[in-house]
Amino acid sequence: MNIADIAEVQFDAASFWEAAKTHRLLVARCNACGEAHYYPRQICPFCRADDVELAPASGRGTIYSLSVTERPDHRRVVAYVTLEEGPTMMTRIIDAPQDIAIGDAVTVDFEASPDGLTVPVFRRT
Amino acid sequence: MSRACIVGAFEHPTRKAEGISVAQLHMQSARGALADAGLTFDDVDGYFCAGDAPGLGPMSMLEYMNLNVSHFDSTDSGGSAYLVHVAHAAQAIATGKCNVALITLAGRPRAAGMKSAKMPLAPTPDTPFEAPHAASIVEMYGMVAARHMHEFGTTSEQLAWIKVAASHHAQHNENAMLRNVVTVEDVVNSPIVSAPLHRLDCCVVSDGGGALVVTSEAVAKSLSRPLVAVRGSGEAIRHPSAGRIDLTTSAAAVSGPRAFSEAGVTPADIKYASIYDSFTITVLVALEDLGFCEKGKGGAFVADGNLISGIGRLPFNTDGGGLCNNHPSNRGGMTKVIEAVRQLRGEAHPAVQVADCDLALAHGTGGSLATRHGSATLILERQ
């Protein structure tokens, strides 16, 4: 079972992954309590209401933390990015300059994962 | 009040289990802990194991060992599970569900060819949001270290002191994987695995196992081993809180105070501490959350040998810990309890034995500090 197979049966987030295919980042927000959350659920994790809506995010955020892994054949920057809408999400920073740091402003982009899922990543703004 | 006691503890001596099955490692460890206690398999009426045991919960292992028990528990919180098992065994004994509880752990990731801990790919709701990004456990803990450094000015040199202390202890442990004493310079000059964590900030990958026997105070008093009582325990799970993440605090901030409160003691009373050390940062965050120092002051606390037995104020992981000695099945909680028991019995290596060690703490962190993890804290007392 690969990551795309796992995503396919996590029905809560189906519209998130559909939107990602066309390079749109959605953020889940509860109409009952107004709180945004991540990763998206259909039941609000704060007030437990069934009234969650996924709406387009600005795509802007700041780096909360990061870890750079350098190998001869690749360089990966894993990060937590705090979105303008509030929630902090795990992602990667692509095309990251050497001085990439916590607090840097970043903008969303999208990348196809090897098993076919289109996932949100970020690049320095 | 009658307290459950740990009467048997055994750490499997192997670090590379070629030709030994996981089930066999579990049973060899069980046999060792029962022999240590002066008990036999026939005395066991409670059994505890976690996800490292083959099969669904305790069933396969009970069959393999040909045991029949009145109580079983397969609570899994990763590497901290075995501390939870001690606490749950004490509760089961107090309520009469069992009288002699056996807890086992074993694994052989090294013989199986594992070189570093990969993130498991499980069909959980979080997987599609994390697995495409974080490929290894080191990257996750790297993010914790980076944030701690950002908020509190913690340095790689301060983190390195944790490894230095572990290496000072490991030199006396003939079974330890890494017995060379290292310096702060050695640690910070070792290759970066995932920044800011260096190779020597990471624990070993080793095979092996361990087992514990927990029983009532009445049975414990009938045996010839020193009495090591479970005086307090706490357990907690922490997760990303639906996107409200604070990487600098762990579940130890909940499990620690619960254990101290139950025991009626404070961090200042602790003579020896076993602190789960998957990475140096794991120790630093736990020490702060357990109350050995203020949040953010962990770097200053661990520096200058403060964790070295005979030198520092808080001797820790005197077996060499996961950083130098052993991290069987990538789950370090079992060995934390075992070394705490050795210290309380006065059976640690003489070079690292803490004088008059009558009160010890053992702490486990399982899962990933950067996402969801389970912490468990035990306060153990020699009676």
Side-chain angles (χ1 to χ4, degrees), chain A residues 1-13 16-17 20 27-28 30 35-41 44-46 63-71 74 76-83 85-93 100-103 111-115 117-121, chain B residues 115-116 118-154 156 191-199 201-202 239-249 279 281 285 368-372:
Chain A
M1 187 180 255
N2 67 26
I3 298 169
D5 294 335
I6 292 171
E8 199 174 332
V9 292
Q10 307 301 331
F11 306 107
D12 287 46
F16 177 92
W17 295 116
V27 167
C30 175
E35 297 292 335
H37 69 263
Y38 191 89
Y39 52 85
R41 291 91 153 151
C44 173
F46 297 115
I63 297 177
Y64 170 79
S65 196
L66 80 172
S67 178
V68 182
T69 303
E70 304 226 36
R71 296 290 180 272
H74 70 280
R76 292 165 46 80
V77 182
V78 172
Y80 270 119
V81 165
T82 304
L83 301 174
E85 290 77 12
T88 299
M89 61 181 281
M90 189 183 292
T91 183
R92 262 172 303 125
I93 311 299
I100 191 82
I102 291 173
E111 199 175 88
S113 77
D115 49 17
L117 204 61
T118 301
V119 300
V121 293
Chain B
K115 291 199 172 76
S116 66
K118 297 249 183 335
M119 299 296 295
L121 198 61
T124 52
D126 47 271
T127 289
F129 299 94
E130 295 175 4
H133 304 300
S136 80
I137 294 277
V138 195
E139 289 178 304
M140 302 285 251
Y141 282 74
M143 287 198 286
V144 176
R147 187 69 201 183
H148 203 282
M149 290 173 168
H150 176 79
E151 285 192 30
F152 305 116
T154 307
S156 289
I192 288 182
V193 179
S194 292
L197 295 177
H198 305 78
R199 180 179 290 165
D201 285 302
C202 306
H239 51 68
S241 304
R244 297 176 181 180
I245 288 171
D246 171 9
L247 286 185
T248 61
T249 297
F279 302 93
I281 186 64
V285 170
S368 168
L369 215 49
T371 58
R372 58 212 67 77

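Everything numeric in this text was worked out from a predicted model, so none of it was measured.
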Interatomic distance, CZ@B/Phe279 vs CD1@B/Ile137, rounded to 0.5 Å, equals 6.5 Å
Let me confirm one number: the CG-CG distance from A/Asp115 to A/Asp5, rounded to the nearest 0.5 Å. 7.5 Å
From CE (B/Met143) to OG (B/Ser194), nearest 0.5 Å: 10.0 Å
Highest number of heavy-atom pairs under 4.5 Å with chain B among A/Val121, A/Thr88, A/Val9 belongs to A/Thr88
Applying side chain to side chain contact (heavy atoms under 4.5 Å, CB included), can you list everything that pairs with B/Ile192, at least two apart in sequence or on another chain? B/Ala195, B/His198
If the condition is side chain to side chain contact (heavy atoms under 4.5 Å, CB included), which residues does A/Ala13 pass it with, not counting sequence neighbours? A/Phe16, A/Trp17, A/Pro40, B/Phe129
Side chain, backbone, both or neither: which part of A/Tyr64 has a heavy atom under 4.5 Å from chain B? both
Looking at A/Pro114, A/Pro87, A/Ala7, A/Ser67, which one has more heavy-atom pairs under 4.5 Å with chain B than the rest? A/Ser67
Which one of B/Asp126, B/Leu197, B/Ile245 has the most heavy-atom pairs closer than 4.5 Å to chain A? B/Ile245
Under a 4.5 Å heavy-atom cutoff, which of A/Arg71, A/Met1, A/Met89, A/Arg76 has the most pairs with chain B? A/Arg76
